[in-house]
Amino acid sequence: RVVVGTKVDQTHVNWVTAYNMLTGIRFTVSRTNAKVNRDLTDADFDARHKFSFDITGNELTPSAKYDFKFKDYAPWVFRHLRSNFRLDPADYLVSLTSKYILSELGSPGKSGSFFYFSRDYKYIIKTIHHAEHKFLRKILRDYYRHVQDNPNTLLSQFYGLHRVKIPYGRKIHFVVMNNLFPPHRDIHQTFDLKGSTIGREYREEDLEKNPRATLKDINWLRRNRHLQLGPTKKQRFIQQMERDVKLLQRLKIMDYSLLIGIHDLSRGNEEQLREKNLSVFQPGGEADDPGSRSLMRTPSVVENARKARELRQMIKSQKPIPIGEAVYKMPEEMEENDRSMFYFYGDDGGFRATHEDNRPGEEIYYLGIIDCLTHYGFIKRFEHFLKGLTNTEPEISAIPPDRYGDRFVRFMSGISKSREVVDNERRASQTA
Ligand code: ATP
Ligand code: CA
Ligand code: CA
């Protein structure tokens, strides 16, 4: 995994798409949030609104740099979801400002989806397949209910579902979701775990070239890694995972993973600071003098705080929010956000390891269940298609969602144990 990605500026091939995405989000989110809050109705779940942007602007939409169409899905549901997840509306808008703000991770998975980070690294935009898009709309009620009943859910937090289209271009569907990894802490190792070993290996030889790569189940087992959790945290963690997985099973979802970023407190933060100074997170998108932290503290920080206040005011007074303005916000200036009240994101944005006696441990885990929009029927059809092409059984055979989920929970439960328990087990096996 490339941690910081490539900055998307005006010279980037996906600049226009990124610009349109952000302009559309900014417009539709401020439009919905400008209204007086109300309870959801059944119709809110199926709602969709279409907007045309062009360079001149019209009575409905302000002028934009490019001509494009934007579709906003279930805006009221997502407004409620954002509020459930304790996002500040002004903060959300500031983070998703449409200038120099994204960095592109490219397409890390096999699916062809693109990932973009908001400039302050808090949010991820993921482009999704039409099938995933349709599926999210279909399960939105269940997802919403689950999030309400489970404030501490480990599932991806969805903040918005949209579509952009440029003239003669194809339709691009995308979701906005939480970045599990913190802007201010170095992630020393990343694992994407499914609880299976078939094809679940990152080639260790390639680690040299790409030391930040996302490792998989086999790499985890080979390192004899554990989620070092004492009894209290382990119980809470597994309990929540069971509830989340039950929903995924009922909705016939599979192929999701537990994404785990590990911050080693004894190693601290140095690498990331160095890296950030050299790459994306600079005010104005100019290259900074490497090593000079003070350069990052420019007046734009003050500017940002002012801008957020202004936006908050505008939202309150129901004024339209101007689009296309540059607002900068540096990760280290971010206020402690309200995520700290959530159990698994409460220790500096993550979940701190504990010992058997519940004393805090030496690692912080940033984790969650990701990629949970793949319906079983979709995979099956795809396998069928592959089989038709090659006339042989495909190697990675999809297992039904119930079994997938059970295996997932069993694996995660098996790898969650405190250091003391691991040591005892090792001693026991040596004397045996
Ligand atoms: P595939 O279907 O081939 O697995 P995908 O395109 O659906 O791939 P994901 O599995 O969702 O992609 O994610 C790919 C990688 O992107 C993850 O392994 C992780 O490194 C990163 N990633 C995805 N979601 C998040 C998130 N919410 N926070 C941080 N990193 C993420
Ligand atoms: Ca995946
Ligand atoms: Ca996927």
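Starting from 1, each residue takes its place in the sequence as its number. When a ligand or atom number is given, it counts from 1 through the structure's own listing order. Side chains are part of it too, since the values below use all heavy atoms of this structure and drop only hydrogens, waters and symmetry mates. Since the model is a prediction, treat every value here as computed from it, not as a measurement.
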Looking at D371, which of its N, O or S atoms is the nearest one to the Ca ion (ligand 2)?
-> OD2

What part of L259 sits under 4.0 Å from ligand 1 if we count only heavy atoms: the side chain, the backbone, both or neither?
-> side chain

Run the numbers for me: atoms of ligand 1, each under 4.0 Å from some heavy atom of S113, listed by number.
-> 6 (O)

Counting heavy atoms only, which of L193, I187, D371, L367 is nearest atom 10 (O) of ligand 1?
-> D371

Is it the side chain, the backbone, both or neither of I124 that has a heavy atom closer than 4.0 Å to ligand 1?
-> side chain

Between F408 and Y256, is the gap from one ring center to the other below 6.0 Å?
-> yes

Check: H263 ring centre within less than 6.0 Å of H188 ring centre = yes

Could an N or O of ligand 1 be found under 3.5 Å from any N or O of D192, whether backbone or side chain?
-> yes

Could you tell me whether F181 and Y121 have their ring centroids closer than 6.0 angstrom?
-> no

Is the ring centre of Y365 less than 6.0 Å from the ring centre of F351?
-> no

State whether the shortest distance between N or O atoms of S156 and N or O atoms of ligand 1 falls below 3.5 angstrom.
-> no

CD/Q235: more than 12 non-hydrogen atoms of other groups inside 6.0 Å = no

How does L180 reach ligand 1, if at all, at less than 4.0 Å between non-hydrogen atoms: by side chain, backbone, both, or neither?
-> both

Here the atoms of ligand 1 under 4.0 Å from any heavy atom belonging to M177 are 24 (N)

Kindly confirm or rule out an N or O of N178 lying under 3.5 angstrom from an N or O of ligand 1.
-> yes

Check whether any side-chain N or O of R79 sits under 3.5 Å from a backbone N or O of P75 as a donor-acceptor pair, and report yes or no.
-> no

Please check if the distance between the ring centroids of Y116 and F174 is under 6.0 Å.
-> no

Hey, which atoms in ligand 1 end up nearer than 4.0 Å to a heavy atom of K126?
-> 5 (P), 7 (O), 9 (P), 11 (O), 12 (O)

Select one of side chain, backbone, both or neither to describe which atoms of N179 lie under 4.0 Å from any atom of ligand 1, heavy atoms only.
-> both

Heavy-atom nearest pair, L248 first then C372, reads CD2-CB, 4.0 Å

